[in-house]
Amino acid sequence: MHSQGSSSRNQYDWDSDDELEVFGMPQESNVHGVEESGSTCSSAKNSKLIHHFVGMGFSVEEVIKAIEEDGEDNEENILETLLTLAATIDDPMREAFTEPCDFAKKSVTTIDISDDDDDYGITDSEIEEDAFTSEKDETLSILVNMGYPFKEALIAIDKCGPGADLSDLADFICAAQLEKEIESHLQDRPNRIHDTSLHVHKRSRDHYYNGKKKSRMCRTSQKKPLEIDMEEIELSIPTNGFSIAKGLYPRVVRKIPDKLAGPPYFYYENVAIAPVGVWNKISNFLYGIQPEFVDSKLFCASTRKRGYIHNLPTENRFPLLPIQPLTVQEALPNTRQWWPKWDRRTQLNCLLTSIGAATVTEKIRRDLEECGAETPPPNVQDTVLKLCKKWNLVWVGKNKVATLEPDEYEMLLGFPKDHTRGGGISRTDRYKALGNAFQVDTVAYHLSVLKDQYPNGVNVLSLFSGIGGAEIALHRLGIKLKNVVSAEISEVNRNILRCWWEQTEQRGNLFEVEDVQRVTSEHISHWINRFGGFDLVIGGSPCNNLSGSNRVSRDGLEGEHSSLFYEYYRIVNEVMQAQR
DNA sequence: AACAAGATGAGTGTATAA
DNA sequence: TTATACACTCATCTTGTT
């Protein structure tokens with residue numbers, strides 16, 4: 001943490017090297033190969049382009065063809081052409097598993113990979129609450145599968161006991177539902193737990209879905225030739241779909257082709273509201289699997305709209321216990337007494353990487369005190385409310401709002417308290433790391449299907465690990481971590497994960513890699529041989545150039561940070577090939 | 001240097017009205 | 001069907017302080 005590199009790394013210097021270093025030595029050998037093949041492309045720029053696209057997994061021949069077609073100046077068009085080429089291949093799965101490239105095969109660059117056996121062979125004390133809740137878990141998941149809302153199932157089990165007869169539990173839930181319905185007819189309470197925001201939008205969104213879906217499809221596929229068959233429609237991605245849930249959690253109906261169904265499993269995450277076309281591209285690379293868009297407001301008290309692409313089964317999912325409170329007032333009980341009636345928020349907006357300025361909270365306090373009245377006039381309410389929503393402010397006193405604390409970030413996102421605290425990390429860095437992290441409960445819900453399949457634990461390749469959201473999700477699910485290879489560029493983040501690993505007394509092995517770009521085929525096959533294969537490749541690639549919060553460089557998937565998605569794809573594809 | 005604080009819009013999707 | 005208004009966003013950069 002005292003190394004000089006750590007500070008400059010704060011500025012995401014995972015791309016500080018120029019392109020030559022990105023692909024290392026073998027680039028040159030490939031360049032020669034290309035030139036010898038008789039191509040007319042010979043400029044330095046051309047070589048870079050070729051390697052750029054070859055690095056994405058296209059064959060050299062295809063890339064050359066595309067460049068000749070579109071000219072070397074238009075990367076966008078070249079990529080479009082390449083993707084069209086890939087899409088027009090008879091068997092769409094064939095392209096998915098073709099040899100991506102061999103640029104890394106001869107790579108002998110020195111790589112910082114701690115290959116030591118960090119064997120924390122300690123006690124058996126991990127995950128012991130598991131025994132306590134396993135019966136409950138099982139009953140819960142059965143009830144949820146029967147179609148009962150999770151929360152009500154949970155209450156029923158609490159009331160009747162985990163050993164109660166299923167039919168008794170079902171009866172209890174039905175009775176409770178009926179009671180609730182009657183109650184809601186009798187009195188209209190605006191601040192009921194977690195129902196309002198969900199159902200308010202549901203009807204309209206469903207309407208949107210049925211009514212406008214088609215027109216949007218046409219818009220998205222405008223660029224492509226007008227041959228909209230079923231395949232096209234499958235791949236055309238609606239970037240909404242957050243509230244098509246019937247119950248508390250969305251029930252996903254999505255069929256993964258047998259060819260793609262894991263193991264090995266992969267799980268990819270990124271921001272939902274990305275520039276137009278980005279998710280289509282990502283989906284095309286990840287074997288055409290449709291993203292699953294989920295808003296974490298279903299799992300915690302703050303919004304977090306994300307897209308997930310994975311080949312996990314979607315049946316028999318179950319949520320992490322205990323269930324998080326879904327309202328701010330419950331999640332932050334101290335704020336409840338200060339929350340004015342006219343602020344009807346029950347949930348927070350997205351937790352970002354930086355927080356609001358103190359001048360904002362001060363301005364709000366002044367404005368409210370000036371009008372003096374118990375309830376301020378509508379125009380003041382309006383401006384204050386807008387600021388509160390913009391900066392995610394909560395009420396901590398009379399006329400007093402405040403930004404969230406880092407430990408409140410941790411709690412809302414499902415991390416252990418003080419997970420990012422200490423060890424030389426600054427407050428600013430905590431916000432940044434947490435703002436970039438998974439919402440653990442959400443990811444755990446998706447990963448829960450692995451629990452039955454891997455009673456002895458999993459081998460995980462974790463890319464862009466950050467502060468270890470994936471690892472924590474698995475751990476909290478009670479899925480043992482056998483071997484975890486974690487790639488993370490930020491030193492402070494690696495320290496956080498390592499500390500957590502030691503504190504939770506993991507019995508498996510943690511291997512740290514600094515830069516995903518330095519992971520070669522040799523590394524991958526070495527790990528596969530050693531561990532007997534990976535069970536899960538998980539990661540969310542940088543969103544910097546996709547996020548709407550970025551005023552400066554929202555450059556899309558080809559942006560300097562977000563283009564690391566192609567590294568994720570490269571590595572996933574190698575694992576998929578090697579283990580199938 | 002390192003850190004904290006403050007200032008800095010645009011793109012995307014949604015709802016509504018015409 | 002189109003136009004318009006509105007809400008929200010895994011961020012970056014500069015400046016000032018220690």
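The basis for the numbers below is simple: all heavy atoms, side chains too, and nothing from hydrogens, waters or symmetry mates. Chain letters run A, B, ... following the sequence lines, proteins first, then strands; residues in each count from 1.
Among residue pairs with one or both ends in residues 379-401 of chain A, those qualifying as side-chain hydrogen bond (donor to acceptor under 3.5 Å, both in side chains) are A/D343-A/W395; sequence neighbours excluded. Note on residues 346-366 of chain A: no pairs pass ring pair (Phe, Tyr, Trp, His ring centres under 6.0 Å), not counting sequence neighbours. The stretch residues 357-369 of chain A participates, sequence neighbours left out, in these side-chain hydrogen bond (donor to acceptor under 3.5 Å, both in side chains) pairs: A/E362-A/R365, A/K363-A/D367, A/R365-A/E369.
When rounded to the nearest whole Å, the span between CG of A/D555 and C1' of C/dT12 equals 12 Å. For A/L546 and B/dT12, the CG to P distance is 11 Å, given to the nearest whole Å. Computed from coordinates, the A/N544 CG to C/dC13 C1' distance equals 14 Å when rounded to whole Å. Atom CZ of A/R551 and atom P of C/dC13 are 13 Å apart (whole Å). Put simply, NZ on A/K432 is 11 Å from P on B/dC3, counting in whole angstrom units. Summarising the geometry, the separation between CZ on A/R430 and C1' on B/dC3 is reported as 15 Å, rounded to the nearest angstrom. Rounded to a whole Å, the CG atom of A/N280 is 13 Å from the P atom of B/dT12. Whole-Å rounding puts the A/E560 CD to C/dT12 P distance at 9 Å.
A/S541 pairs with exactly one of A/Y268, A/Y569, A/Y566 by the side-chain hydrogen bond (donor to acceptor under 3.5 Å, both in side chains) rule, that one being A/Y268.
OP1 or OP2 of B/dA4 lies within a sub-4.0 Å distance of a side-chain N or O belonging to A/S426. Put simply, A/N270 has no side-chain N or O that comes within less than 4.0 Å of OP1 or OP2 on C/dC10.
Where A/V360 and A/I425 meet DNA chain B, the nucleotide closest to each residue was compared, and A/I425 sits on the side nearer the 5' end. Where A/R427 and A/V552 meet DNA chain B, the nucleotide closest to each residue was compared, and A/R427 sits on the side nearer the 5' end.
Ring-centre distance between A/Y308 and A/Y445: not below the 6.0 Å cut-off. Aromatic pair A/W279/A/F293: centroids less than 6.0 angstrom apart.
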Show me the protein contacts with nucleotides 5-9 of chain C, counting only N or O atoms at under 3.5 Å.
residue	atom	partner	partner atom	Å
C/dT9	OP1	A/C350	N	2.8
C/dT9	O2	A/G548	O	3.1

What does the list of N/O pairs under 3.5 Å between the protein and nucleotides 15-18 of chain C look like, with a distance for each?
none

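A side-chain N or O of A/N550 and one of A/S553 form a donor-acceptor pair less than 3.5 Å apart.
Using a 4.0 Å cut-off between charged side-chain N and carboxylate O, A/E491 and A/R498 make no salt bridge.
Although no hydrogens or angles enter the test, the distance criterion places a donor-acceptor pair under 3.5 Å between the side chain of A/S426 and the main chain of A/D429. For A/Q439 (side chain) and A/R304 (main-chain N/O), no donor-acceptor pair under 3.5 Å exists by modelled atom type.
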query = What's the verdict on side-chain hydrogen bond (donor to acceptor under 3.5 Å, both in side chains) for A/Y267 and A/H446, showing C-alpha distance, side-chain angles and the deciding distance?
reply = CA-CA 9 Å; A/Y267 186 86; A/H446 295 155; 2.6 Å; yes

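Side-chain proximity of A/T428 to C/dC10, B/dA4, B/dG13: nearest is B/dA4.
Contact annotation: the side chain of A/I282 never approaches that of A/N280 to less than 4.5 Å [non-hydrogen atoms, C-beta and beyond].
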task = State the dot-bracket string of DNA chain C. Criteria: Watson-Crick or G-U wobble, both atom distances under 3.5 angstrom; notation: ( ) intrastrand, [ ] crossing earlier pairs, | interstrand, . unpaired.
result = |||||||||.||||||||

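Counting non-hydrogen atoms under 4.0 angstrom, A/T403 reaches nothing in the nucleic acid.
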